[in-house]
Amino acid sequence: MILSNRIHKVLLCVIAWRLSSVFLVQTSDVPDEYWQSVEVAHRLAFGYGHLTWEWREGIRSYIYPFLISLIYRILGFFHLDFATLIIIAPRIMQALLSAYADYRFYVWTKNKWALFSLCTNWFWYYYASRTLVNTLETSLTTIALSIFPWRDSNTKSVSYIWIVAWLCVVRPTAAVIWTPLCLYHLLTTPTSGRIVLLLSYLRIGMTTLSIATLVDTIGYGKFVLSPIEFLRINFIYRVSDFYGTEPFFWYLTIGIPVILGLYYVIFLIGAWQVVQHPAKFHRQAVMLVVIGWTLAIYSMIPHKEIRFILPLLPFFVCLGTSGILCIKNSVAPFTRKVLMNVLVLTNLLPGLYFSLIHLRGSLDAMKILRQEIASVPNDDVNILFLTPCHATPFYSHLHANVTARFLTCEPSLSNRDDYIDEASEFFANPNLWLRQTYSNTKDTEMPTHLVLFHELAPSIHQFLDKYRLIADLFYAHITPTNYSQYLLIYKRK
Ligand SMILES: *[C@@H]1O[C@H](CO)[C@@H](O)[C@H](O)[C@H]1NC(C)=O
Ligand SMILES: *[C@@H]1O[C@H](CO)[C@@H](O)[C@H](O)[C@H]1NC(C)=O
């Protein structure tokens, strides 16, 4: 009774903690958070929303946008589809799922240090309420891990396979993490049960794939096997390289340090212990193999992003917990306290900076645009985003069917050497692009609002003559080329 009371308290606490991030995290991170989820869901529910090339080629699963679109439909049904609710509701859904994952993690590890490490991790706090498929993947991976049938556990249930199967249809790369674990499950099953287990894999896999394909077929309006398309496009055309490539050791030297910070050291201490006593730390040893295998595979893929290895977080934390226990037993209480405070502080500072300051301009800009739209009929609004592609969200954050255009940056699927995308063409010569695009346009069809970075303004000052500045928003301290510290919004005079 006392234990179950405590567990309920933990559940309420993690829900409150993850919900707080919906309101505290006021910055954007990567375009996919909007363009691959809520934008698509908005189109499903309200009939307008931009589909990027991934959705025209059929390489993404409609499952996640479909779930979000159900929330939108419910809001729409009750006439509660205010823009603010449309923006916040999917994030609340994701935050609740992340909180449930934290809770399952605690129930499974039964270790307060493990929960403490997961909840103080700044990167997970920063990501847990984002509508990114990586966030979904991390929470589902954690939940599946908590019901995984380890050799030394009482669980013999195969229900984790359902979660893994859904993960793999939504995000095919999740198969990398789960292949060693499924093999482990198969090998630790008595020989007599293996055929039955293989049949379960097959049955659950087929059921999931059928339902997912049905959802995709409805979403795309034609028969599509999105996981297969995803692999085909990525491996044959290597389009992901179009979005940048990184050296082999990038995850070890940049990726993990960003996610774990100082905890990286604790993880290494834990990992060292596990290597020395693999039999004593059976589960941790298996998890270490999973981490090594996943990092090796992901490191071989030239296009790397930190969020791709976020699903490894529960594994890192499990190993780190062994490290914490080791430190606890070997240092004086005072040193321990200092270490704990340093650990919390090194998460708090980046957490606050990235949640409140870095890259906040794009969401603030959408707020201003919503106010502008609210003041005139929709037909009179025509927004032109002269930023690098996808620098801001789109219809999902306007929730108004106004005319809007942004500079696209689609990869060439025909592998043409002379291919140049619209955004690059624009930035190579902004005035030329504006002249070509708007020379034969009637005055009434010119954009009413322009969104652009500060740096661009001087070079197109002639075009801006007909506009006045209505907002000058802080964007970020450090920005890539063609972005700058301030984001400007102009309105036609
Ligand atoms: C949105 O606006 C466009 C252009 O005015 C129009 O063609 C389209 O039907 C509208 N869609 C919805 C769902 O209102
Ligand atoms: C940034 O601008 C330069 C020209 O100033 C252009 O050559 C380059 O392609 C642009 N980069 C992107 C990502 O748009």
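These numbers come from a predicted model, not from an experiment. Atoms within each ligand, like the ligands themselves, are counted from 1 in listed order.
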Parallel, tilted or perpendicular, as decided by the 30° and 60° cut-offs, for the rings of Tyr438 and Phe463: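 Taking Tyr438 first and then Phe463, their aromatic rings sit tilted (interplane angle of 30° to 60°).
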Exercise check, heavy-atom protein proximity under 4.0 Å to atom 2 (O) of ligand 1: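 Looking at atom 2 (O) of ligand 1, one finds that a protein heavy atom does lie closer than 4.0 Å.
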Protein non-hydrogen atom found under 4.0 Å from atom 11 (N) of ligand 1: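 Given the 4.0 Å limit, the answer for atom 11 (N) of ligand 1 is yes, a protein heavy atom qualifies.
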Residue, atom name and distance, where the atom is the protein heavy atom closest to atom 5 (O) of ligand 1: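 That would be Asn401 ND2, 4.9 Å.
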Atom 13 (C) of ligand 1 - nearest protein heavy atom and its distance: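 Of every protein heavy atom, Phe46 O, 3.5 Å lies nearest to atom 13 (C) of ligand 1.
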His42: which of Phe394, Trp35, Tyr48 passes ring-ring contact (aromatic ring centres under 6.0 Å, His included):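 Among Phe394, Trp35, Tyr48, the one meeting ring-ring contact (aromatic ring centres under 6.0 Å, His included) with His42 is Tyr48.
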Qualifying residue, where the test is side chain to side chain contact (heavy atoms under 4.5 Å, CB included) with Ile373 and the options are Thr448, Leu398, Asp380: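 The single option meeting the side chain to side chain contact (heavy atoms under 4.5 Å, CB included) with Ile373 is Leu398.
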Chi angles and distances behind the salt bridge (charged side-chain N to carboxylate O under 4.0 Å, His left out) call for Asp29, Arg307: CA-CA 10 Å; Asp29 184 60; Arg307 60 193 173 107; 5.6 Å; no
